[in-house]
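Inspection log for the structure reproduced underneath, given as structure tokens.
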Amino acid sequence: MEVLLQVLPIIIYFLLIIIITVGIVLGIKLIITIDKVVKLVDDVNEKVEKVAPLFDTLGMVSDKVSSVLGSVVSTIENLIVKLFFKNKNTVEMESEEDE
């Protein structure tokens, strides 16, 4: 029993030393990894900032083309509607005049 009282604290201290050492090593590796991630995120942000004006310009051009094409399609649609329904309206008007 006395042997356990002498050996057990030694085993506990040894395990605590191992746990503290592993914690320190993991902490250092975590700090290194976080630094790498920060550098990567900064690099990605730089590249995105360089490309962002291009996407803004493309968005603006896309909006302008869309509005121009929308007005062209609207005009063509109105011409077609007037062309087909004009004949129908004139036929209706002529039949009303006949009555």
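The first residue in the sequence is number 1, and the count goes up from there.
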Quiz item: How is the hydrophobic cluster of Phe14 composed, in terms of its other members, when Ile, Leu, Val, Met, Phe, Trp and Tyr link through side-chain heavy atoms under 4.5 Å apart, directly or indirectly?
Solution: Ile18, Val22, Leu26
Self-check item: For Ile11, side-chain contact (heavy atoms from CB on, under 4.5 Å) partners two or more places apart
Solution: Val7, Leu15
Quiz item: Hey, what else clusters with Leu79 if you join Ile, Leu, Val, Met, Phe, Trp, Tyr whenever side-chain heavy atoms sit under 4.5 Å?
Solution: none
Quiz prompt | Asn45 CG to Leu40 CG distance, which is reported to the nearest 0.5 Å | solution = 9.5 Å
Name every donor-acceptor pair, under 3.5 Å, that has one atom in a side chain of residues 54-73 and the other anywhere in the protein, sequence neighbours excluded.
| residue | atom | partner | partner atom | Å |
| --- | --- | --- | --- | --- |
| Thr57 | OG1 | Pro53 | O | 2.8 |
| Ser67 | OG | Asp63 | O | 3.4 |
| Ser67 | OG | Lys64 | O | 2.8 |
| Ser71 | OG | Ser67 | O | 3.4 |
| Ser71 | OG | Val68 | O | 2.7 |

Self-check item: Those residues that, when tested against Asp43, pass salt bridge (Lys or Arg N to Asp or Glu O under 4.0 Å) (two or more places apart)
Solution: Lys47
Quiz prompt | Ile32: side-chain contact (heavy atoms from CB on, under 4.5 Å) partners, not counting sequence neighbours | solution = Ile28, Lys36
Quiz item: CG of Leu16 to OG1 of Thr21: how many Å apart, nearest 0.5 Å?
Solution: 10.5 Å
